[in-house]
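Residue numbers start from 1 in every chain, and the chains themselves are labelled A, B, ... in the order their sequence lines are given, proteins ahead of strands.
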Amino acid sequence: MHDWRRTHHCGELRASHTGNLVRLNGWVNAYRGYGQQVFLDLRDRHGITQVVVEANDSNLELYKLADSVGREWCLAVEGKVRARLPGKENTDLATGAIEVEATEIVVLNQCPTPPFEVTEFPGEEIAGEDLRLEKRYLDLRRPSLQKTLVLRHTLNRVIREYLSERGFLELETPLLGRSTPEGARDYLVPSRVHPGSWYALPQSPQLYKQLLMIAGYDRYFQIARCLRDEDLRADRQPEFTQLDLEMSFVDQDDVLGMIEGLSKEIFKVCRGVDISLPIRRMGYDEAMLRYGSDKPDTRFGLEIEDLCDWAKTVDFRVFKEVIASGGVVRAIHVSQGASKFSNTDLKPGGKLSEVAVKAGAKGLAWLKYEDNKFLGGIEKFFSAEAQDALKARFGFQNGDLLLMVADKEDTAAQVLGTVRLHLANVLGLLAGKEDTFEILWIVDFPSFMHDPEAGRHIANHHPFTAPRVEDIAHLDTDPSKVRARAYDLVINGYEVGGGSIRIHDPVIQSKVFSVLGLSPEQAQEKFGFLLDALKHGAPPHGGIALGLDRWAMIIAGTSNIRDVIAFPKNQRARDMMTGAPAPVEPKQLKDLGL
RNA sequence: GGGGGCGUAGCUCAAUUGGUUAGAGUACCGGACUGUCGAUCCGGUGGUUGCGGGUUCGACCCCCGUCGCCCUCGCCA
């Protein structure tokens, strides 16, 4: 072959190309020998084309070569496009009307028998993930994984177009920065020039983008890699990608509105789904009360009900004591749930009870309603009137189940939030919801949470989040009452974005540092550059960051973040393919003074 | 660091709850076949049951330790 370079890709040829002399480059997806014929499916990222070699008197060499190739060999094929025999078209392939009758084949590279099958078959289990991650270059040949990486590209493209059209500048910020207190554990990089000193890789470009606002770049975005040295989860990687965005001279509604428009565009282009605007907003307190979570999955019901008023009226010591000590009694009513859980599941040590206990509950109280009466053991503590009130409150039907938790408010919320998600899984409430996207803003977060271990307040969002104007007075008196001008974006129970209006007043910023237990000296030492910058005509500004890996997960319909990252780390933060992290040469350490 | 699950042929899984020679599908190798398309049919190779120790007449199975992978809590401003 004088030139092996392709004239077409493997998803391109149609009946209209019949008679053309073409060259294809690709990988052997499948081999089918049939007597004196060989069929090869040649695959590239665009599609699959069938190549055929028929033995005759003059092409013995070619036939032998075609008969000898293995899966995943890389080939160049030259041949003539011809229509398939009538009735032999393959409607499953875009190129199924034609085939290429090979006149010459060049083996660009061989491949040993792959350690797992690259070809995917519906309903068939693919190889284990650790093996696939070790040979990721083969795994990434799978069409489904190629589709998710194309999605990542489309997502980035939509974002760049949408924001550029609206006057945003895509600007870059340093990877080598300064370690700051608060927040996640930093990845550190030793300085060779300054032995004993360290750079930190960014947890986010937070401070730089605020400084860009102060510098007058009033609409900024960046598709930024962020790094946090914390333990991994199914939806968390140590390095991940955020759409980082910041705007000057805006309030909360401006940022939310901009992201709502962008979200609509993303879903339209990347998923073909039309979401309706505006996106629902829910206060943090309401989310915690009704769903026991600040990132509620609202695709199903099972909402949490507060039973304090009712619990006060009953003669049940457990409830009485909890209420008396300032706690709450809350419940989930599971319609027709009684038969789904045996008394053994519900009793202490039982499956469902353990879910609650592991989430922090002391126990799970329960009532079944069968034969028009309550059963479960604790119903004897409830008077007929109390039982009637309960019945009316939930509209009890025979077969219903009530799960109750009495505890401190935050514990009760967390426990029932966990139980609620568990119930949804066990009861299959999310089946058939693959195309449902429940999007909502969570707003009005408390600015600070008290950390009993450290004996101080910690920032709920981050230390640069502006308090609501009417709450500023509480900074000096009772910081726990301060609500933040912060917002999280939640889709189907995933936190996919979070941001805030920032503090642009150096006095308030200093006050917040003080609430967080930073002395003026410490604040000056760690954040002096920011406090100084805020004095130099800082504009009001705010922004948000979207977790693009999670967006890609949701749009791609996977619950595994590694499915949407080309070269992810495993759960112990190791790159299974390269073996990173790995020891380095002693000389490298010496150069760094380590 | 805690809790849970898993580890058997290259791959995906089974092995009747401690019992004879650890099986199946697929992949791979060989053979047959001129319209296949997850080809089919016939035959074949392939096992330190993650690793180490223990209990037992006997261990894939039970016990102890250890390694690895996954989920989760802590952690993730």
Does [X] put a side-chain nitrogen or oxygen below 4.0 Å from OP1 or OP2 of [N]?
X	N	value
A:Q203	B:C76	no
A:R32	B:A39	yes
A:R71	B:C28	yes
A:Y34	B:C33	no
A:R233	B:C73	yes
A:K358	B:G4	no

Below 3.5 Å is the cut-off: list the nitrogen or oxygen pairs between protein and nucleotides 65-68 of chain B, distance only.
| from | atom 1 | to | atom 2 | distance (Å) |
| --- | --- | --- | --- | --- |
| B:G68 | OP1 | A:R572 | NH1 | 3.4 |

Tell me: CG of A:L232 to P of B:C69, nearest whole Å?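 Value for this atom pair: 12 Å.
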Can you label the angle between the A:F513 ring and the A:F527 ring as parallel, tilted or perpendicular, going by 30° and 60°?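 Parallel, since the angle between the ring planes stays under 30°.
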Using the [atom1] atom in both, what is the distance from [N] to [M], to the nearest Å?
N	M	atom1	result
B:C41	B:C37	P	11 Å
B:U56	B:C61	C1'	13 Å
B:C71	B:A24	C1'	29 Å

Within the structure shown, what part of the strands sits under 4.0 Å from [X] by heavy-atom distance: base, sugar-phosphate, or nothing?
X	answer
A:P115	sugar-phosphate
A:R562	sugar-phosphate
A:A30	sugar-phosphate

Atom CG of A:N56 and atom OH of A:Y63: how far apart are they, to the nearest 0.5 Å?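 Between A:N56 CG and A:Y63 OH, I get 11.5 Å after rounding to 0.5 Å.
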